[in-house]
Amino acid sequence: MDFSTSFDLLSSAMVGSVLYGLLIQRDGQVLFANDKAARMVGLQRGDDLVGKLVFRYVDRRDMVSLRDKLNQGKNRHVVLGECRLSRSDGASFSVDVEVIPLLCEEPGASLVIVRDVSMRKGIEHSYWESEKKYWELFNALSDGVLVHEVGSGVSVGKVREVNDALCLMLGYSRSELCTLNVISLMDPSSQDTAKDLYRDLMGKGEIVFRLSMSRKDGRPIPVEVSVRVVSLWDRPIALGIVRDLSSLSALKGEVDSLERRYRAFFSNLSDAFVLYQAIWDDCGRPWRYRFFEANQPYLDLLGLDRSDIIGRNVLDVVQDGDLLMLSSCEEVLTSGEPLRFVHHSKLRDSFWNVSVFSPDKGYVAVVLCDITASKKLEVQVERFERLQSLGQIAAGVAHDFSNHLVGMMSYGATISRDSSDPSARVMASRIMDIAFRANDLVKRLLVVSQKGDIAFEPVNLHDIITEVADITAFGWDGSISIRLLLGSPPVEIKGNGSQIYNAITNLMINARDSMPDGGTITISTDLVYLDKDSPSILGDPPFGYYVKVSVSDSGRGISPRDLPRIFDPFFSTKPQGTGMGLPMVFATAQAHGGGIEVHSSIRRGTVFSLYFPIDGTVSVLSDGDVSSPSDSGLDKGDMDGSDILDRLGRELELHRPKGVEEVLSMIWDSDLLEVEALEKVRNLARDYLFESALDELKRSR
């Protein structure tokens with residue numbers, strides 16, 4: 001095959017091409033066109049395009065540039081990229097154009113090769129749209145994004161790309177950041193740590209850490225960085241998300257400040273505060289409570305440390321339940337309404353303002369404010385007001401009564417002087433002695449009414465007690481016996497003998513009256529020391545050494561209902577009583593700078609104890625001479641069935657679940673209570689319904 005033949009075959013193949021449009025033109029007029037060129041502009045065959053002007057199918061915007069290229073193509077090969085042509089229907093499309101001059105019998109003719117690039121343009125447009133969305137997303141992130149090269153080994157590559165958020169965060173421009181490496185962006189104090197973390201990244205491929213980066217102005221900024229090694233641009237790169245923790249650090253500082261203020265307020269709160277976490281049963285009722293928080297006053301109230309109670313069941317820590325307020329806690333958790341009330345703690349002999357509320361679901365708080373001092377002050381004010389009334393009455397009768405005493409003493413003196421009967425003279429002497437003491441009593445009444453004076457001098461308590469025992473026993477029948485247990489050393493006190501004599505006499509008469517069937521009255525003395533751990537004594541005597549004078553009986557006792565009122569003026573449980581005996585005894589103890597204490601048990605007896613401060617030093621006394629002031633003086637014999645039930649009643653009154661359980665265990669095998677009643681009392685006590693349990697006990701008895 002010769003060259004001419006080969007060229008003809010090649011020309012024929014190109015004319016039939018379906019990828020390229022071919023046409024021959026001269027001065028813009030089409031001399032030849034293949035079918036592909038005709039179809040590009042919306043015609044069927046190449047012959048349909050012959051004789052027409054090329055510029056008819058060129059977009060106006062590219063008319064000038066194409067005309068120039070065609071003119072240049074007469075003499076040399078030229079290329080026009082992305083020329084826009086128009087179809088017969090008016091649609092526009094992009095093509096690449098090559099113009100090749102033809103050296104033939106037709107001077108000025110050129111071959112025009114047209115390639116449709118619409119698909120390529122569409123792909124490019126899609127790519128740039130995708131690129132645009134990527135950049136929009138990249139820069140829309142609120143966190144900083146950092147793309148940097150992964151160097152060889154453990155070397156750190158440069159920053160390749162950053163978003164606007166990171167530029168704003170660090171104060172650099174994008175071009176400035178792309179000249180740095182990651183380690184140089186770290187705060188100097190964090191660069192060594194950053195190098196170690198970079199080595200971890202190379203080994204693990206992904207790490208999360210917190211440290212400080214450095215702004216352009218040198219200020220450190222706390223950040224959290226999450227870095228992962230990914231494949232991009234056909235090589236591994238590190239993609240890091242940087243989160244600014246400045247606002248979080250500031251917020252944490254504010255929270256810490258609030259926490260410190262809360263802790264300071266909580267720790268310095270004078271009221272006792274405790275927060276319980278409720279544990280619910282299957283029925284949705286509070287079943288148990290766990291200590292969640294408590295302040296120091298509450299810990300002092302329990303005598304425990306914080307580590308002893310936090311997280312533990314409250315009844316495992318505090319068995320008596322006197323100040324737990326669990327029944328009120330259940331009411332608050334059930335109703336959602338706070339409670340405020342005054343609680344009298346019989347166990348501690350104290351009064352409390354109680355606030356119970358639920359600060360959050362499943363939690364209940366109890367605030368206890370001790371108002372015992374104010375309550376006692378109210379009682380004292382009331383007592384003083386009554387004593388003031390008593391003084392006004394006493395002032396009116398004292399002088400008349402004194403006149404009668406003068407007559408008694410005169411008759412006694414006459415009998416003692418003129419009688420020849422020795423026994424009559426002894427009785428007259430006793431009458432005169434009693435009259436003299438009655439006269440002292442009148443003086444006491446005048447002191448109460450602020451119309452007289454009483455002298456204090458050294459007195460021996462043992463001598464007074466012995467004299468009282470001798471005189472009061474005179475004329476008593478044999479059913480009453482008097483026992484003296486004078487255990488204290490023979491220490492003198494500074495006081496008024498007549499007042500002390502009358503006080504002890506009053507207590508002995510009350511003891512006798514409480515034993516209509518006879519019994520034993522015991523008068524005992526002990527040397528005691530009162531301190532902050534001593535039991536509460538009426539009159540609040542100061543710390544120090546005291547002689548404790550106790551008068552005890554084995555009588556019927558004082559009921560718990562009457563016990564708080566026995567020192568009130570004019571209150572008496574005796575049909576013919578005046579209600580002035582015990583107030584005068586209490587006044588005597590206070591006048592001597594001491595106090596009074598009482599213990600009583602139904603059908604087991606009562607003990608009154610007077611405390612008289614010692615005048616002078618007791619350094620010569622041995623430790624064995626000093627006893628505890630907490631001994632009630634009652635004999636602790638074995639309890640019978642009635643005593644056991646009485647104790648159960650007291651445990652219920654004091655809201656002590658552990659004590660209730662102990663007593664119930666004692667009577668389980670006995671016939672003191674029926675099994676059904678026993679179970680009712682136990683279940684009610686376990687649900688902290690102590691008042692209902694007490695009512696059930698009373699019905700069962």
Side-chain angles (χ1 to χ4, degrees), residues 349 376 380 437 440-441 443-444 447-448 453-472 482-508 510-511 521-552 567 581-599 606-634:
D349 189 25
K376 288 184 176 180
Q380 288 180 355
R437 296 193 182 281
D440 287 336
L441 177 59
K443 293 180 180 179
R444 286 182 61 197
V447 169
V448 172
D453 297 319
I454 292 182
F456 278 59
E457 57 187 5
V459 295
N460 189 306
L461 287 175
H462 287 182
D463 293 342
I464 295 175
I465 292 171
T466 303
E467 185 177 357
V468 170
D470 291 342
I471 293 177
T472 53
I482 299 175
R483 182 174 58 171
L484 299 182
L485 299 175
L486 306 181
S488 72
V491 179
E492 288 188 339
I493 70 167
K494 189 174 182 179
N496 183 273
S498 296
Q499 284 192 2
I500 298 173
Y501 180 96
N502 290 329
I504 298 175
T505 301
N506 212 320
L507 292 177
M508 291 190 64
N510 286 345
I521 298 175
T522 301
I523 306 177
S524 61
T525 61
D526 292 289
L527 180 64
V528 298
Y529 182 79
L530 299 183
D531 55 19
K532 62 182 181 63
D533 297 324
S534 300
S536 177
I537 298 172
L538 291 177
D540 295 326
F543 300 158
Y545 287 95
Y546 290 80
V547 176
K548 175 183 176 183
V549 179
S550 299
V551 178
S552 62
F567 295 109
L582 290 179
M584 296 298 289
V585 173
F586 183 34
T588 296
Q590 284 192 305
H592 284 75
I596 190 169
E597 183 182 21
V598 59
H599 295 277
T606 302
V607 178
F608 283 92
S609 298
L610 300 174
Y611 290 83
F612 296 102
I614 293 177
D615 182 33
T617 178
V618 292
S619 58
V620 297
L621 302 175
S622 65
D623 292 338
D625 294 327
V626 183
S627 62
S628 170
S630 60
D631 185 9
S632 67
L634 289 174

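Quick caveat: nothing in here was measured; it's all calculated off a predicted structure. Count residues from 1 along the sequence.
- Two residues are said to be in side-chain contact when any heavy atoms from C-beta on lie closer than 4.5 Å; Leu582 and Phe608 meet this criterion.
- A distance of 4.5 Å separates CD1 in Ile464 from CD1 in Ile500, rounded to the nearest 0.5 Å.
- For Phe612, the ring pair (Phe, Tyr, Trp, His ring centres under 6.0 Å) test picks out His592, with sequence neighbours left out.
- Looking at His462 and Ser488, their side chains do bring a donor and an acceptor atom within 3.5 Å of each other.
- Of the possible polar contacts, one joining the Thr525 side chain to the Gly487 backbone as a donor-acceptor pair under 3.5 Å is found.
- Nearest heavy atoms, Gly593 versus Pro541: O-CB, 4.2 Å.
- Side-chain N/O atoms of Glu467 and Tyr501 include no donor and acceptor closer than 3.5 Å.
- Interatomic distance, CG of Leu530 versus OH of Tyr545, reported as 11.0 Å (0.5 Å rounding).
- Using a distance-only test at 3.5 Å, with no hydrogens or angles considered, a donor-acceptor pair links the side chain of Asn502 to the main chain of Ser498.
- Residues that satisfy the side chain to side chain contact (heavy atoms under 4.5 Å, CB included) test with Leu485, not counting sequence neighbours, are Arg483, Thr522, Ser524.
- Considering CG of Asn510 and OG1 of Thr505, their distance stands at 11.0 Å, rounded to 0.5 Å.
- Heavy atoms only, all atoms of each residue included: Ser552 and Val607 are closest at CB-CG2, 3.4 Å.
- Atom CD1 of Ile504 and atom CG of Leu461 lie 6.5 Å apart (nearest 0.5 Å).
- Annotation: the span from Glu597 atom CD to Ser550 atom OG amounts to 8.0 Å, rounded to 0.5 Å.
- Pairing each heavy atom of Ala469 with each of Ile482, the nearest pair is O-CD1, 4.0 Å.
- The CD1 atom of Ile596 lies 5.0 Å from the CG atom of Leu610; values are rounded to the nearest 0.5 Å.
- The side-chain heavy atoms of Val468 and Met508, taken from C-beta on, include a pair separated by under 4.5 Å.
- Looking at residues two or more places apart in sequence or on another chain, you find a side chain to side chain contact (heavy atoms under 4.5 Å, CB included) between Asp463 and Asn460.
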